[in-house]
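Heads up: the structure comes next, in structure tokens.
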Amino acid sequence: MVHSENMMARNIRAAVLRKKDSPLKIETLSMEGPQDTEVLVRTVASGVCHTDISMVHHWEKADGPLVLGHEGAGIVELIGKKVRAVRPGDHVVLSYQSCGSCRECKNGRPTKCRRFYELNFGFQRPDGSNALEQSGVRGHFFGQSSFSSYILATERNIVKVSKKLPLTILAPLGCGIQTGAGTVMNMLHVRPGESIAIFGTGAVGLSAIMAARIVHANPIIGVDIMPSRLKLARELGATHVIDSRRADVASGINSIIRGGVDYVLEITGNHRMLQLAIEVIKKRGTAAFFTGDGVPDFVPKGRKAVTVIEGDSVPQLFIPKLIKLYQSGKFPFDRLIKFYNFKDINRAMKDSRNGKTIKPVLCMSNEDD
Ligand SMILES: [Zn+2]
Ligand SMILES: [Zn+2]
């Protein structure tokens, strides 16, 4: 492998996954870079997303040791020779990776990037190399691996943000929150007066509810099994809520709006809810599915099922828009956040898994190197 002349190596602290369903261990690793097209970011904070948790659950021995994390935010420390979008000292929020040269990327649709899977789940750079190779660990998850004191990103997955807002709050915008809000605003283009039901009111679902309120959807129906989340759903914009452990969802929705809703967002991944999502949309309605685990086996004619990837969001356009909405008080996503020290990453993941915390954010600056 040929490295550019300015390539350096540094010690970083990163949470390493070495075993299925096991706690991550914070270790010292050696990271080389940045390459000419890369941006080295000192991590200030990282959100924990359900995709990180499911990676721990689906890990196999052949995957080898990995660094997860894909909702990073931090301060640019070094840039490669070809980087123009940011300079050292800039504050940045990181999002998913895309190639920038396929037809979809060139048409401004990076979530449809032909190399999307490989660049976000391949645990390597676009050129196939790996900055953590010296340590026998693989990084570059979503072009980030943000459960780490340093991140190597590229101009494609970096968004420059104002220094006036705390990076600890902005961190989770790069995946879960952008996905929920983007599905309503960029993908489904929900219009005033259209009806929407949201199955699962975690970070993605609550972001969708806030976005639905902004675009004046009505009714906005939140469905979940946790009363505390349903209470928050109401406060953030749901006009109705249904506790699916206590009430029948289909008849509940039918009593709110006869004939079904225009849109359902199915975020739970629960098999019964997948089927139900299709049943409660009206004719020509759309059900949007978030879990890679699949869409229902049967979709009646005239109804539409779509799979969501990052809510069709272009991070450099959508994240600044969400920040403006946050500043104007219309998108109070900070209410979903609970902060943890980096060293408490396993507790943060556990609290997220059992629903105690909606959006854990790890604070790296509290970490003692
Ligand atoms: Zn592409
Ligand atoms: Zn995610």
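Counting starts at 1 for both ligands and their atoms, following the listed order.
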* To do: For the pair F142 and H70, name the ring-plane relationship: parallel under 30°, tilted 30 to 60°, perpendicular over 60°.
  => parallel
* To do: On the 0 to 90° scale, with breaks at 30° and 60°, tag the F141-F123 ring pair as parallel, tilted or perpendicular.
  => parallel
* Of the non-hydrogen atoms in A305 and V299, which two are nearest, and what is the gap between them? -> CB-CG2, 4.0 Å
* Can you tell me the angle formed at the Zn ion (ligand 1) by SG of C102 and SG of C113, to 10°? ->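 Between SG of C102 and SG of C113, the angle at the Zn ion (ligand 1) is about 120°.
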* **Metal-centred angle, the Zn ion (ligand 2) as apex - NE2 of H70, SG of C49, 10° resolution** => 110°
* To do: State whether C175 contributes an N/O/S atom found under 2.8 Å from the Zn ion (ligand 2).
  => yes
* Presence of salt bridge, E32 and R125, under 4.0 angstrom -> yes
